[in-house]
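The next block holds one structure in the form of structure tokens; read it before the comments.
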Amino acid sequence: MARLRLAWVLSGRGWADCTVSDQEARADVTASYITAAPEDLLRAVTRLVDGETECRAQFEAEPTAYRWIFYRDGTDVWIRLLKLAHGSDHDNRGTEIWSTQQCIDIVARAVIRCFDEVVKEYGESAYRGKWGEHFPRAELEALRTAWREHRGDSPSSA
């Protein structure tokens with residue numbers, strides 16, 4: 001399994017560029033604030049950490065959409081990222097633009113690190129001004145808590 005990296009860059013009022021990569025490949029996707037893209041991604045990964053076996057998140061890029069599909073088996077997670085012409089399209093109408101298999105801890109850590117870096121870069125107030133919505137603090141902390149509990153850590157270790 002390869003190292004996972006996720007980056008979220010606010011590229012304009014209500015727009016973000018998201019890059020996801022491992023040692024094999026990289027995908028660049030766009031998200032619009034018209035949906036709760038960062039919250040959806042954080043909630044999906046939290047549900048995975050909590051034991052769900054399939055979760056989804058979707059980024060709308062008006063009209064293109066990017067759908068994240070997560071499958072968990074034990075501690076392994078398979079991630080598929082699809083590009084769809086329209087957000088309402090069925091998965092089989094999409095084109096897979098990236099996929100990877102990772103350990104659940106690596107997935108959780110990459111997503112937490114991504115949004116920790118976002119708040120460090122912009123601050124919560126500037127994030128809201130540029131994205132158009134509040135920073136997803138509650139969803140980030142819910143993921144961090146679920147990951148700590150999954151690992152059996154104390155709050156000061158993650």
Can you check whether [X] reaches [Y] side chain to side chain, under 4.5 Å on heavy atoms?
| X | Y | value |
| --- | --- | --- |
| Glu124 | Arg137 | yes |
| Asp116 | Lys120 | no |
| Leu10 | Trp15 | no |
| Tyr127 | Val119 | no |
| Gln58 | Thr35 | no |
| Asp73 | Tyr71 | no |
| Arg5 | Val20 | no |
| Glu133 | Arg128 | no |

Might you point out which heavy atoms bring [X] and [Y] nearest each other, and give the distance in Å?
| X | Y | value |
| --- | --- | --- |
| Glu39 | Pro136 | CG-CB, 3.8 Å |
| Ala37 | Ala31 | CB-CB, 4.0 Å |
| Arg43 | Glu139 | NH1-OE2, 3.3 Å |
| Gly87 | Ala65 | CA-CB, 3.5 Å |
| Leu84 | Arg93 | CD2-C, 4.4 Å |

Nearest 0.5 Å, please: how far is [atom2] in [Y] from [atom1] in [X]?
| X | Y | atom1 | atom2 | value |
| --- | --- | --- | --- | --- |
| Arg47 | Phe70 | CZ | CZ | 9.5 Å |
| Leu41 | Cys114 | CG | SG | 7.5 Å |
| Leu143 | His150 | CG | NE2 | 11.0 Å |
| Glu121 | Lys130 | CD | NZ | 9.0 Å |
| Asp17 | Thr30 | CG | OG1 | 5.0 Å |
| Glu96 | Arg67 | CD | CZ | 13.0 Å |

Looking only at atom types and distance, does a side-chain atom of [X] sit under 3.5 Å from a main-chain N or O of [Y], one as donor and one as acceptor?
| X | Y | value |
| --- | --- | --- |
| His86 | Ser88 | no |
| Arg151 | Asp105 | no |
| Asp22 | Ala25 | yes |

Please state whether the rings of Phe115 and Trp8 are parallel, tilted or perpendicular, taking 30° and 60° as the class boundaries. tilted
Determine the sole option in Ile106, Leu140, Val45, Val49 for which the side chain to side chain contact (heavy atoms under 4.5 Å, CB included) test with Val111 is passed. Val45
Cluster overlap [X] with [Y], hydrophobic side-chain contacts below 4.5 Å:
| X | Y | value |
| --- | --- | --- |
| Ile69 | Tyr66 | no |
| Val29 | Ile34 | no |
| Leu4 | Phe59 | yes |
| Trp78 | Leu82 | yes |

Taking it one step at a time, do Ile104 and Arg72 satisfy side chain to side chain contact (heavy atoms under 4.5 Å, CB included)? CA-CA 8 Å; Ile104 186 64; Arg72 180 175 175 177; 4.0 Å; yes
Presence of salt bridge, Glu54 and Arg56, under 4.0 angstrom: yes
As a quick check of understanding, evaluate side chain to side chain contact (heavy atoms under 4.5 Å, CB included) for Cys18 and Asp28, giving each step before the final call. CA-CA 6 Å; Cys18 180; Asp28 298 302; over 6 Å; no
Tell me yes or no: between the side chains of Arg3 and Gln23, is some donor less than 3.5 Å from an acceptor? no
Under 3.5 Å, is there a donor-acceptor pair linking the side chains of Glu60 and Ser32? no
What do the steps show when you test Glu24 against Thr100 for side chain to side chain contact (heavy atoms under 4.5 Å, CB included), and what is the final call? CA-CA 8 Å; Glu24 304 296 320; Thr100 191; over 6 Å; no
With a 6.0 Å cut-off on the ring centroids, do Trp131 and Tyr122 count as close? no
